[in-house]
**Student:** 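Could you have a look at this structure, given as structure tokens, before my questions?
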Amino acid sequence: MVDRTQPDRVTFEQAVAYACSSGHAAFAATPVFGDDQERAEGLRLFIIEGDGQGGRKIRFIAGPFFSAALAANEVLADDEIPDGVREMLFLPSSFSEEWLSDPIQVLVARLVQAAEIVAPEMPNYLDAKTARSAPEVTFPIRAIGRASPRRGDDS
């Protein structure tokens, strides 16, 4: 692992170019705060995945910490990508869909590890004992603060 404590972040456009040319991924995350606005209760995660053939998809994942039940796990169409995401900075990494069965903090730990970033202040979620939800369990979309439901979402 490369000893990097100050990772190189890239713009959305650079992250898309990286994912398309390398077949790897880049990610950005933003915390979701509770009512007290002092403690993060979950996060929103955007992963730009290269398909290995010059294309890409952008995945939106959100959910509470310490639960494998995600509030959102969807691929965004180009016209659904919020402007705020295009303004975020991304970390080049890699990604496996198998990681989606993990609690969101473990998913982020895997992405950070794959980016070869040394994060001494980050708890070791990869070796922590975890309990899993059944695959059909989801959280209502309102749990992640989306202003309006997406098409087909009744929560």
Side-chain angles (χ1 to χ4, degrees), residues 1-52 55-76 80-82 84-146:
M1 182 179 294
V2 177
D3 184 17
R4 297 190 316 170
T5 55
Q6 296 297 320
D8 297 325
R9 296 177 190 273
V10 297
T11 65
F12 176 82
E13 292 81 13
Q14 291 169 323
V16 168
Y18 170 78
C20 290
S21 66
S22 69
H24 293 292
F27 74 97
T30 182
V32 175
F33 290 93
D35 293 335
D36 63 8
Q37 295 296 311
E38 293 182 21
R39 183 176 54 112
E41 294 181 354
L43 66 94
R44 294 179 190 102
L45 180 64
F46 297 90
I47 301 173
I48 303 171
E49 300 174 61
D51 66 5
R56 56 95 176 129
K57 62 182 171 182
I58 299 175
R59 187 180 297 270
F60 169 61
I61 301 167
F65 292 129
F66 306 105
S67 172
L70 298 172
N73 176 8
E74 52 200 54
V75 175
L76 301 177
E80 295 178 324
I81 301 168
V85 173
R86 296 177 188 276
E87 296 170 6
M88 296 175 86
L89 294 176
F90 288 76
L91 287 171
S93 186
S94 60
F95 172 72
S96 170
E97 287 196 26
E98 294 174 6
W99 299 349
L100 293 172
S101 64
D102 291 324
I104 202 157
Q105 75 278 1
V106 175
L107 172 57
V108 170
R110 291 188 190 285
L111 290 164
V112 168
Q113 183 182 52
E116 298 182 340
I117 297 169
V118 175
E121 68 283 351
M122 188 171 186
N124 183 0
Y125 293 120
L126 297 178
D127 295 328
K129 186 176 177 182
T130 60
R132 300 198 189 277
S133 309
E136 66 275 4
V137 174
T138 61
F139 274 79
I141 198 74
R142 63 185 163 278
I144 60 167
R146 182 180 283 160

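Numbers here are sequence positions counted from 1.
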**Student:** Between Asp51 and Lys57, does the side chain to side chain contact (heavy atoms under 4.5 Å, CB included) criterion hold? Intermediate values first, please.
**Tutor:** CA-CA 8 Å; Asp51 66 5; Lys57 62 182 171 182; over 6 Å; no

**Student:** Can you list the residues that meet the side-chain contact (heavy atoms from CB on, under 4.5 Å) rule with Ala15, with sequence neighbours excluded?
**Tutor:**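 Per chain and number, Ala15 pairs via side-chain contact (heavy atoms from CB on, under 4.5 Å) with Val10, Ala26, Ile48, Phe90.
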
**Student:** CD1/Ile61 to CD/Glu74 distance, rounded to the nearest 0.5 angstrom?
**Tutor:**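 It comes to 10.0 Å.
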
**Student:** What distance separates Leu107 CG from Leu45 CG, expressed to the nearest 0.5 Å?
**Tutor:**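 One finds 5.5 Å between CG of Leu107 and CG of Leu45.
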
**Student:** Could you tell me which residues satisfy side-chain hydrogen bond (donor to acceptor under 3.5 Å, both in side chains) with Glu41, sequence neighbours excluded, listed by chain and number?
**Tutor:**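 Expected list: none.
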
**Student:** Could you tell me which residues satisfy side-chain contact (heavy atoms from CB on, under 4.5 Å) with Ser96, sequence neighbours excluded, listed by chain and number?
**Tutor:**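 Residues passing side-chain contact (heavy atoms from CB on, under 4.5 Å) with Ser96: Glu98, Trp99.
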
**Student:** For the atom pair CE (Met88) and OG1 (Thr30), what is the distance rounded to the nearest 0.5 Å?
**Tutor:**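 Between Met88 CE and Thr30 OG1, I get 5.0 Å after rounding to 0.5 Å.
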
**Student:** Which pair of heavy atoms, one from Ala29 and one from Leu43, lies closest together, and at what distance?
**Tutor:**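 Closest approach of Ala29 to Leu43: CB-CD1, 3.9 Å.
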
**Student:** Going by side-chain hydrogen bond (donor to acceptor under 3.5 Å, both in side chains), name the residues that satisfy it together with Arg59, two or more places apart in sequence or in a different chain.
**Tutor:**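 Residues passing side-chain hydrogen bond (donor to acceptor under 3.5 Å, both in side chains) with Arg59: Glu49, Asn73, Glu97.
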
**Student:** Should Phe60 and Val85 count as side-chain neighbours, where that means a heavy-atom distance under 4.5 Å?
**Tutor:**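 No, every pair of side-chain atoms sits at 4.5 Å or beyond.
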
**Student:** At what distance, to the nearest 0.5 angstrom, does CZ of Arg56 lie from OG of Ser22?
**Tutor:**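 Rounded to the nearest 0.5 Å, the CZ-OG separation comes out at 13.5 Å.
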
**Student:** Nearest 0.5 angstrom please: Tyr18 OH to Leu91 CG, how far?
**Tutor:**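 The distance works out to 10.5 Å.
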
**Student:** Indicate the atoms forming the closest heavy-atom contact of Glu80 with Val75, along with that distance.
**Tutor:**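 Shortest heavy-atom contact: OE1-O, 4.2 Å.
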
**Student:** Ala40: what forms a side-chain contact (heavy atoms from CB on, under 4.5 Å) with it, not counting sequence neighbours?
**Tutor:**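 Per chain and number, Ala40 pairs via side-chain contact (heavy atoms from CB on, under 4.5 Å) with Pro31, Phe33, Phe65.
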
**Student:** Please answer whether the main-chain N or O of Leu111 pairs with a side-chain N or O of Ser93 as donor and acceptor at a distance below 3.5 Å.
**Tutor:**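 Answer holds: yes.
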
**Student:** State, with a plain yes or no, whether a side-chain heavy atom of Phe46 is found less than 4.5 Å away from one of Leu76.
**Tutor:**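 Heavy-atom side-chain distance check passes, below 4.5 Å.
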
**Student:** So, using side-chain hydrogen bond (donor to acceptor under 3.5 Å, both in side chains) as the criterion, who are the partners of Glu38 when residues are at least two apart?
**Tutor:**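 None.
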
